Amino acid sequence: MLAALRSLLPGLHTHPFNAAQYMSTSAPTTTELATFAGGCFWGVEHIFLKHFPPSQNKGIIKTSVGYTGGRDDATDPSYKQVCTGATQHAEALRVEFDPSVVGYAELVEFFYRTHDPTTVNRQGADTGTQYRSAIFTHSPEQEAIAKRVTEEVQAKHFTPKGEKIVTQIVPAGKWWDAEEYHQLYLFKNPSGYQCPTHRLHW
């Protein structure tokens with residue numbers, strides 16, 4: 001998404017929207033968090049929910065888009081501030097999931113399938129640190145799984161093409177929810193901007 005274009009579109013709804021269809025109908029006893037950054041968070045959220053719709057109990061309970069990985073002194077950042085790059089936050093997706101239904105490794109592999117992890121601070125035409133590819137891990141176990149899956153994906157899908165994954169794998173830090181109009185944006189506004197890299201690449 002182009003920042004200038006997106007700044008003109010807050011709150012634009014093109015058709016009636018029912019948030020209930022993007023909520024899980026089950027209540028698992030144990031859930032985990034996974035946090036991914038892969039460019040415009042509109043598209044990252046959209047493709048995860050299209051393939052793991054909470055209403056179908058495929059493991060994802062709920063999602064939110066927001067900002068993470070920024071400077072310690074940059075608290076409660078706005079979208080406008082993040083777009084300047086000054087706060088060093090990434091646009092990211094936070095996923096609450098049921099590990100008895102979908103494993104963390106599967107989510108990491110899906111993350112790699114659905115964006116270009118070989119470009120530094122860029123997805124398609126979107127450039128800047130806020131569009132970097134990153135996995136923010138919530139435990140040592142997640143870190144080990146993320147590194148293992150990254151090595152497997154690199155060997156299978158990128159080394160044969162002479163490309164290198166540049167995705168950061170770092171511990172998750174403070175999370176800030178993005179403004180409400182960003183949440184589920186492409187479900188509310190299906191004709192809205194979507195980065196062309198957010199598709200199934202294999």
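Values in this document were obtained by computation on a predicted structure and should not be read as measured data.
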Can you establish whether the number of heavy atoms outside [X] located under 6.0 Å from its atom [atom1] is more than 12?
{"X": "Arg113", "atom1": "CZ", "value": "yes"}
{"X": "Glu179", "atom1": "CD", "value": "yes"}
{"X": "Lys156", "atom1": "NZ", "value": "no"}
{"X": "Asp76", "atom1": "CG", "value": "yes"}

Closest non-hydrogen atom pair between [X] and [Y], with its separation:
{"X": "Ala74", "Y": "Thr87", "answer": "CB-CB, 3.8 Å"}
{"X": "His198", "Y": "Val44", "answer": "NE2-CG2, 3.5 Å"}
{"X": "Gly192", "Y": "Leu186", "answer": "O-CD2, 3.5 Å"}
{"X": "Arg132", "Y": "Gln168", "answer": "NE-OE1, 3.4 Å"}
{"X": "Ala92", "Y": "Thr68", "answer": "CB-CG2, 3.9 Å"}
{"X": "Thr197", "Y": "Gly124", "answer": "CG2-N, 3.6 Å"}

Are [Y] and [X] connected in a single hydrophobic cluster, I mean Ile/Leu/Val/Met/Phe/Trp/Tyr linked by side-chain heavy atoms less than 4.5 Å apart?
{"X": "Phe136", "Y": "Val65", "value": "no"}
{"X": "Ile169", "Y": "Leu107", "value": "yes"}
{"X": "Val82", "Y": "Tyr185", "value": "yes"}
{"X": "Phe41", "Y": "Tyr181", "value": "yes"}
{"X": "Phe110", "Y": "Val95", "value": "yes"}

Spacing of [X] atom [atom1] and [Y] atom [atom2] [to the nearest 0.5 Å]:
{"X": "Glu32", "Y": "Tyr104", "atom1": "CD", "atom2": "OH", "answer": "9.0 Å"}
{"X": "Ile60", "Y": "His51", "atom1": "CD1", "atom2": "NE2", "answer": "10.5 Å"}
{"X": "Cys195", "Y": "His46", "atom1": "SG", "atom2": "NE2", "answer": "13.5 Å"}
{"X": "Leu49", "Y": "Gln56", "atom1": "CG", "atom2": "CD", "answer": "11.0 Å"}
{"X": "Lys188", "Y": "Glu180", "atom1": "NZ", "atom2": "CD", "answer": "4.5 Å"}
{"X": "Arg94", "Y": "Trp176", "atom1": "CZ", "atom2": "CH2", "answer": "11.5 Å"}

Tell me if a side-chain donor or acceptor on [X] pairs with a main-chain N or O of [Y] at a distance below 3.5 Å.
{"X": "Thr159", "Y": "Gln154", "result": "yes"}
{"X": "Gln183", "Y": "Ala178", "result": "yes"}
{"X": "Glu91", "Y": "Ala37", "result": "no"}
{"X": "Gln142", "Y": "Leu33", "result": "yes"}

Working for side-chain contact (heavy atoms from CB on, under 4.5 Å), residues Val153 and Glu109: CA-CA 7 Å; Val153 170; Glu109 195 266 348; 4.3 Å; yes
Within the 6.0 Å centroid threshold, strictly below: Phe36 and Phe48: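 Yes, they do, as the ring centres are separated by less than 6.0 Å.
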Result block: side-chain N/O donor-acceptor pairs under 3.5 angstrom for residues 144-151, not counting sequence neighbours:
residue: Lys147; atom: NZ; partner: Glu143; partner atom: OE2; Å: 2.9
residue: Arg148; atom: NH1; partner: Glu152; partner atom: OE2; Å: 3.2
residue: Thr150; atom: OG1; partner: Tyr112; partner atom: OH; Å: 2.7
residue: Thr150; atom: OG1; partner: Ala146; partner atom: O; Å: 2.6

Derivation and outcome, ring-ring contact (aromatic ring centres under 6.0 Å, His included), residues Phe97 and Phe52: CA-CA 10 Å; Phe97 68 99; Phe52 297 91; 9.7 Å; no
Geometric class of the Trp202/His157 ring pair [parallel <30°, tilted 30-60°, perpendicular >60°]: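 Aromatic pair His157/Trp202 classed parallel.
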Ring geometry between His182 and Tyr67 (parallel below 30°, tilted from 30 to 60°, perpendicular above 60°):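 Perpendicular.
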Worked verdict on Thr137 versus Val170 for side-chain contact (heavy atoms from CB on, under 4.5 Å): CA-CA 6 Å; Thr137 59; Val170 294; over 6 Å; no
Residues in salt bridge (charged side-chain N to carboxylate O under 4.0 Å, His left out) contact with Arg71, at least two apart in sequence or another chain: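 Residues passing salt bridge (charged side-chain N to carboxylate O under 4.0 Å, His left out) with Arg71: Asp73.
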Lys62 side chain reached by Pro54 side chain, heavy atoms, under 4.5 Å: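 SC-SC contact between Pro54 and Lys62 ruled out.
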Residue pair Val102 / Lys58, side-chain heavy-atom distance below 4.5 Å: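 No, too far: nothing below the 4.5 Å cut-off.
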Contacts of Thr118 that satisfy side-chain contact (heavy atoms from CB on, under 4.5 Å) - sequence neighbours left out: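 Result, side-chain contact (heavy atoms from CB on, under 4.5 Å) vs Thr118: Asp116, Phe158, Glu163.
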From Val120, Ile165, Thr167, Thr119, residue fulfilling side-chain contact (heavy atoms from CB on, under 4.5 Å) relative to Ser133: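 Of the listed options, the one satisfying the test is Thr167.
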Criterion side-chain hydrogen bond (donor to acceptor under 3.5 Å, both in side chains) on Thr31 and Glu96, from CA distance to verdict: CA-CA 6 Å; Thr31 64; Glu96 183 178 350; 3.0 Å; yes
